[in-house]
Amino acid sequence: MEYTLNCNGRLLDLSTPRVMGILNVTPDSFYADSRQQTEEGIVLRTRQILQEGGSIIDVGACSTRPGSEPATEAEEMERLRKALALVRREAPEAIISVDTFRPAVARMVVEEFGVDIINDVSEGADAKMFRTVARLGVPYILMSVQPTMREMLLHFAREVDVLRSYGQKDIILDPGFGFGKTLEQNYEILQGMEQLDMLHLPILVGVSRKSMIYKLLETDPSQALNGTTVLNTIALTKGASILRVHDVKEAVEVVALVESVECSV
């Protein structure tokens, strides 16, 4: 299916899948090469994402790495204010998402910096977050921690109904690879991901360099690019509209190749 997102009055067409580049402004994200805390690093990463064909810059300031100690709300806001000011200065027209699980942070980044999308990385439905994003009027990425496709579909359906009741318009579904799932369950969800199409909403897939790749291959995040590319290819064939990645150039190439094959069928 073809979808569009209303990003602060600009329509983002998802008829061709889009690539979301990760910009981490944390000291402890699981993939060390993704961490950018200096002004120069943030600016260079912003340029890189856009130059390599990324359509969305996803800024994160609170690590969700398993076992990590989350930043406080004040720390998260401070990091985001610094980073978003630099990104907006460097690329004022860029579409920016922020990944957070805190409603106050979501409100701040939209009201102060015109952030276009909220990427909710919480591990459960939060009515306060739902009401906040609906009032803000920005697209919302809803992640699932459910371990099976059946449970995921049931929870997504209920949560989408609640969001709609608050007036939320644009909703993107994220199966939440790596969250609340065993290694085997991650692959079972990916195998059956096309079932999410019955909800008639765009799907974001974030498998980039995650443990579901490097644990299976007995390597580490630094050696997980090839595996990421393989799983991104599979995700596109199963209906993904957005790929959230560390390696933008490679993901953009995957989209181009998969689209070329599908157009020739």
Side-chain angles (χ1 to χ4, degrees), residues 1 3 5 14 17 20 22 30 58 60 62-68 70 97 99-103 106 117-134 139-216 224 227-228 230-245:
M1 297 184 66
Y3 304 100
L5 301 178
L14 301 181
M20 171 188 282
I22 298 168
F30 76 91
D58 188 53
C62 181
S63 176
T64 54
R65 176 176 56 84
S68 65
S97 67
D99 64 273
T100 185
F101 57 89
R102 294 177 168 124
I117 301 169
I118 293 300
N119 182 10
D120 187 353
V121 292
S122 63
E123 297 194 7
D126 184 332
K128 186 175 181 181
M129 177 66 93
F130 287 3
R131 289 192 295 268
T132 297
V133 293
Y140 175 63
I141 300 170
L142 174 65
M143 190 185 78
S144 176
V145 298
Q146 299 306 315
T148 69
M149 182 55 70
R150 181 179 181 278
E151 291 171 287
M152 186 176 295
L153 283 166
L154 290 171
H155 279 79
F156 269 151
R158 286 196 290 265
E159 290 165 352
V160 168
D161 281 346
V162 174
L163 281 161
R164 295 295 193 208
S165 74
Y166 292 137
Q168 179 64 26
K169 294 181 172 58
D170 288 331
I171 302 168
I172 304 102
L173 304 179
D174 177 358
F177 292 104
F179 291 85
K181 302 167 184 65
T182 65
L183 184 67
E184 293 76 16
Q185 287 168 338
N186 280 305
Y187 284 97
E188 289 168 3
I189 295 292
L190 181 60
Q191 194 279 330
M193 201 181 77
E194 66 273 11
Q195 295 176 60
L196 293 175
D197 288 346
M198 68 178 65
L199 297 174
H200 305 298
L201 292 169
I203 300 166
L204 177 146
V205 167
V207 295
S208 184
R209 296 183 180 267
K210 285 187 174 178
S211 63
M212 66 181 287
I213 299 168
Y214 65 79
K215 285 185 178 179
L216 183 69
T228 297
V230 171
L231 295 194
N232 278 338
T233 303
I234 294 169
L236 290 172
T237 67
K238 291 182 175 292
S241 294
I242 301 172
L243 299 177
R244 181 180 181 272
V245 301

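The analysis underlying the following values was restricted to heavy atoms, covering all of them including side chains, and did not include hydrogens, waters or symmetry mates.
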Visitor: Would a distance-only check, ignoring hydrogens and angles, find a side-chain to backbone donor-acceptor pair under 3.5 Å from Tyr3 to Leu201?
Guide: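 Pair found, side chain donor or acceptor close to backbone of Leu201.
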Visitor: Decide side-chain contact (heavy atoms from CB on, under 4.5 Å) for Phe101 and Cys62; before the verdict, give the C-alpha distance in whole Å, the side-chain angles of both, and the deciding distance to 0.1 Å.
Guide: CA-CA 9 Å; Phe101 57 89; Cys62 181; 3.8 Å; yes
Visitor: Verify, without hydrogens or angle tests, whether Glu184 (side chain) and Asn186 (backbone) share a donor-acceptor contact under 3.5 angstrom.
Guide: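 Checking the backbone N and O of Asn186 against the side chain of Glu184, no donor-acceptor pair under 3.5 Å is found.
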Visitor: Is a donor on one side and an acceptor on the other found under 3.5 Å between the side chain of Tyr187 and the backbone of Met212?
Guide: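 Yes: the side chain of Tyr187 pairs with the backbone of Met212.
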Visitor: Quick one: are Pro175 and Met193 in side-chain contact, heavy atoms under 4.5 Å?
Guide: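 Yes; the side chains approach each other to less than 4.5 Å.
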Visitor: For a side-chain contact (heavy atoms from CB on, under 4.5 Å) check, start with the C-alpha distance between Phe156 and Gln146, then their side-chain angles and the critical distance, and finish with the verdict.
Guide: CA-CA 9 Å; Phe156 269 151; Gln146 299 306 315; over 6 Å; no
Visitor: Quick one: does Ile172's side chain get under 4.5 Å of Ser241's, heavy atoms only?
Guide: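 No. Closest side-chain heavy atoms not under 4.5 Å.
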Visitor: Nearest 0.5 Å please: distance from the CG atom of Leu231 over to the CG atom of Leu190.
Guide: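 Answer rounded to 0.5 Å: 6.0 Å.
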Visitor: Could you walk me through whether Asp120 and Met143 satisfy the side-chain contact (heavy atoms from CB on, under 4.5 Å) test, starting with their C-alpha distance in whole Å, then the side-chain angles of each, then the deciding distance to 0.1 Å, before giving a yes or no?
Guide: CA-CA 7 Å; Asp120 187 353; Met143 190 185 78; 6.0 Å; no
Visitor: Using atom types as modelled and distance alone, determine if a side-chain donor or acceptor of Arg102 lies under 3.5 Å from a backbone N or O of Ala106.
Guide: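 Checked: no pair found.
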Visitor: State plainly whether the residues Asp99 and Arg244 are in salt-bridge range, i.e. N to O under 4.0 Å.
Guide: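 Yes, Asp99 and Arg244 are salt-bridged.
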Visitor: Could you tell me whether the side chain of Met152 reaches within less than 4.5 Å of the side chain of Leu173, counting heavy atoms only?
Guide: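 Sidechains of Met152 and Leu173: no contact.
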Visitor: Starting at CG of Leu5, measure out to CG of Leu14 and round the result to the nearest 0.5 Å.
Guide: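 Between Leu5 CG and Leu14 CG, I get 4.5 Å after rounding to 0.5 Å.
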Visitor: Hey, could you give me the OG/CG distance between Ser208 and Leu243, rounded to the nearest 0.5 Å?
Guide: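 Reported to 0.5 Å precision, the distance equals 9.5 Å.
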Visitor: What are the two closest non-hydrogen atoms of Val145 and Ser122, and how far apart are they?
Guide: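 Nearest pair, atom of Val145 first, then Ser122: CG1-O, 4.5 Å.
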Visitor: Quick one: does Glu194's side chain have a donor or acceptor within less than 3.5 Å of a partner on Lys238's backbone?
Guide: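 Answer holds: no.
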Visitor: With the side chain counted from C-beta on, respond yes when Ile141 and Met20 share a heavy-atom pair under 4.5 Å apart, and no when they do not.
Guide: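 In short, these two side chains touch, coming nearer than 4.5 Å.
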Visitor: Can you find a pair of side-chain heavy atoms, one from Ile242 and one from Asp174, that are under 4.5 Å apart?
Guide: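 In short, these two side chains do not touch, never coming nearer than 4.5 Å.
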Visitor: Roughly how far, to the nearest 0.5 Å, is OG1 of Thr182 from CD of Glu188?
Guide: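 These two atoms lie 6.5 Å from each other.
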Visitor: Within the supplied structure, the quantity of interest is the number of heavy atoms (other residues, nucleotides, ligands) at a distance under 6.0 Å from Arg158 CZ; does it exceed 12?
Guide: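 Yes, enclosed.
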Visitor: Let me see the working for Leu153 and Leu196 under side-chain contact (heavy atoms from CB on, under 4.5 Å), right down to the final yes or no.
Guide: CA-CA 7 Å; Leu153 283 166; Leu196 293 175; 3.8 Å; yes
Visitor: Are the side chain of Lys181 and the backbone of Gly176 linked by a donor-acceptor contact shorter than 3.5 Å?
Guide: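 At least one qualifying donor-acceptor pair exists.
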Visitor: Looking only at heavy atoms, what is the nearest atom pair of Val162 and Ser165, with distance?
Guide: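 Residues Val162 and Ser165, closest heavy atoms: O-OG, 2.5 Å.
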Visitor: Taking Lys210 for the side chain and Phe177 for the main chain, is one N or O donor matched with an acceptor at less than 3.5 Å?
Guide: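 Side chain of Lys210 to backbone of Phe177: a pair is present.
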Visitor: Say you draw a straight line from CD of Glu159 to CD of Gln168; how long is it, rounded to the nearest 0.5 Å?
Guide: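 Answer rounded to 0.5 Å: 13.0 Å.
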Visitor: Any side-chain heavy atom of Asn119 within less than 4.5 Å of one from Asp58?
Guide: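 The answer is yes; the side chains approach within 4.5 Å.
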Visitor: Search all heavy atoms of Pro147 against all heavy atoms of Ile189 and return the closest pair with its distance.
Guide: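 Shortest heavy-atom contact: O-CD1, 4.0 Å.
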Visitor: Would you check if Leu236 and Val205 make a side-chain contact, meaning some heavy-atom pair closer than 4.5 Å?
Guide: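 No. Closest side-chain heavy atoms not under 4.5 Å.
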Visitor: How far does OG1 of Thr132 sit from CZ of Phe130, to the nearest 0.5 angstrom?
Guide: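 Result: 11.0 Å between the selected atoms.
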